[in-house]
**Q** 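Starting off with a structure, shown below.
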Amino acid sequence: MIFIYVPCHDLDTAKTIARTLVERRMAGKVDIMPTNSVTRVNGDVTEAAGATMIIKTIDKHVQGIEDVVRENFHEGIPCVATISLYRLNRDFKDWLINATN
C-alpha cells in the first residue's frame with residue numbers, strides 16, 4: 001500500500017489528475033485539499049494558492065501515476081512523493097486492493 005503526495009498549482013489540475021487515476025483504476029481514492037505554498041521562483045520568494053492530492057494506491061501503479069501526473073502538469077516540475085505505509089487497517093487495505101485491480 002502506498003500513499004502518494006502531489007501538490008498542484010490549481011484545483012482544476014488536481015481534479016483532472018484524480019479523476020483520470022480513479023477511472024483507470026490506478027488509485028482507489030484521491031483526497032484533494034486546498035493549500036497555500038511559499039516557494040522561491042527566479043530568486044524571489046512567492047506565495048500561491050493551489051491544491052494537494054493524497055493518492056491512495058498499490059505499489060504496481062506508482063510509475064503509471066507519475067506518468068499521468070507529468071502528462072497533466074502544465075506548470076513547473078511536479079513533485080510525486082511516495083509514502084510507504086507502516087500499517088493500514090485491513091478493511092481499507094482489502095477495499096483498496098479491490099478498487100485498483
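The analysis underlying the following values was restricted to heavy atoms, covering all of them including side chains, and did not include hydrogens, waters or symmetry mates.
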**Q** Closest approach of Met53 and Cys8, non-hydrogen atoms and distance?
**A**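 Smallest interatomic distance, heavy atoms only, reads CE-SG, 3.8 Å.
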
**Q** Give every residue pair that meets the salt bridge (charged side-chain N to carboxylate O under 4.0 Å, His left out) criterion with at least one member in residues 15-25, sequence neighbours excluded.
**A**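 Non-adjacent pairs meeting salt bridge (charged side-chain N to carboxylate O under 4.0 Å, His left out): Arg19-Glu23.
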
**Q** Locate the shortest heavy-atom distance separating Leu96 from Thr57; write the atom from each residue and the value.
**A**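 Closest pair (atom of Leu96, atom of Thr57, distance): CD2-O, 3.5 Å.
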
**Q** Can you tell me how far OH of Tyr5 sits from OG1 of Thr82, rounded to the nearest 0.5 angstrom?
**A**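 One finds 13.5 Å between OG1 of Thr82 and OH of Tyr5.
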
**Q** Could you list the residues that satisfy side-chain hydrogen bond (donor to acceptor under 3.5 Å, both in side chains) with Gln63, not counting sequence neighbours?
**A**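 For Gln63, the residues satisfying side-chain hydrogen bond (donor to acceptor under 3.5 Å, both in side chains) (neighbours in sequence not counted) are Asp67.
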
**Q** Identify, with sequence neighbours excluded, every residue that meets salt bridge (Lys or Arg N to Asp or Glu O under 4.0 Å) alongside Glu75.
**A**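 If we apply the salt bridge (Lys or Arg N to Asp or Glu O under 4.0 Å) test to Glu75, skipping adjacent residues, there are no hits.
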
**Q** Mind checking the CG-CD1 spacing from Asp12 to Ile17? Nearest 0.5 Å is all I need.
**A**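 So the gap between those two atoms works out to 11.0 Å.
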
**Q** Please tell me whether Lys60 and Asn101 have a donor and an acceptor in their side chains that are separated by less than 3.5 angstrom.
**A**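 Yes, a side-chain donor-acceptor pair sits under 3.5 Å.
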
**Q** Is there a chain of hydrophobic side chains (I, L, V, M, F, W, Y, each step under 4.5 Å between heavy atoms) that links Val22 to Met1?
**A**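 In one cluster: no.
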
**Q** Check the pair Ile4 / Ile54 against side-chain contact (heavy atoms from CB on, under 4.5 Å), numbers first and verdict last.
**A** CA-CA 5 Å; Ile4 302 176; Ile54 301 294; over 6 Å; no

**Q** Apply the test side-chain contact (heavy atoms from CB on, under 4.5 Å) to residues Asp10 and Thr13: give CA-CA distance (whole Å), side-chain angles for both, the deciding distance (0.1 Å), then the verdict.
**A** CA-CA 6 Å; Asp10 62 43; Thr13 299; 2.8 Å; yes

**Q** Indicate if Phe73 and Val62 have the same hydrophobic cluster label, given that clusters are the connected sets of ILVMFWY residues with side-chain heavy-atom separations under 4.5 angstrom.
**A**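 Yes, same cluster.
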
**Q** According to ring pair (Phe, Tyr, Trp, His ring centres under 6.0 Å), does anything in residues 74-101 pair up with another residue at least two apart or in another chain? List the pairs.
**A**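 Qualifying pairs, neighbours excluded: Phe92-Trp95.
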
**Q** Do Leu21 and Ile83 belong to the same hydrophobic cluster, where Ile, Leu, Val, Met, Phe, Trp and Tyr are linked whenever their side-chain heavy atoms lie under 4.5 Å apart, directly or via other members?
**A**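 As far as the 4.5 Å side-chain criterion goes, Ile83 and Leu21 are not connected within one cluster.
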
**Q** Any chain of hydrophobic side-chain contacts (each under 4.5 Å) joining Ile58 to Ile55?
**A**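 They do not share one cluster, since no chain of ILVMFWY contacts under 4.5 Å joins Ile58 to Ile55.
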
**Q** Under 3.5 Å, is there a donor-acceptor pair between the side chain of His61 and the main chain of Ala27?
**A**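 Here the side-chain-to-backbone pair does not exist.
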
**Q** Could you go through the side-chain contact (heavy atoms from CB on, under 4.5 Å) check for Ile2 and Leu85 one step at a time?
**A** CA-CA 6 Å; Ile2 298 283; Leu85 302 175; over 6 Å; no

**Q** Tell me every residue that passes side-chain hydrogen bond (donor to acceptor under 3.5 Å, both in side chains) with Asp94, counting only those two or more places apart in sequence or in another chain.
**A**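 Asp94: no side-chain hydrogen bond (donor to acceptor under 3.5 Å, both in side chains) contacts found.
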
**Q** How many angstroms lie between atom CD of Glu66 and atom CE of Met26, to the nearest 0.5 angstrom?
**A**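 Reported value, rounded in 0.5 Å steps: 10.5 Å.
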
**Q** Quick one: side chains of residues 28-41, donor-acceptor pairs under 3.5 Å with protein atoms, not counting sequence neighbours, listed by atom name and distance.
**A**
| from | atom 1 | to | atom 2 | distance (Å) |
| --- | --- | --- | --- | --- |
| Asp31 | OD2 | Lys56 | NZ | 2.1 |
| Thr35 | OG1 | Thr52 | OG1 | 3.2 |
| Arg40 | NH1 | Gly43 | O | 3.2 |

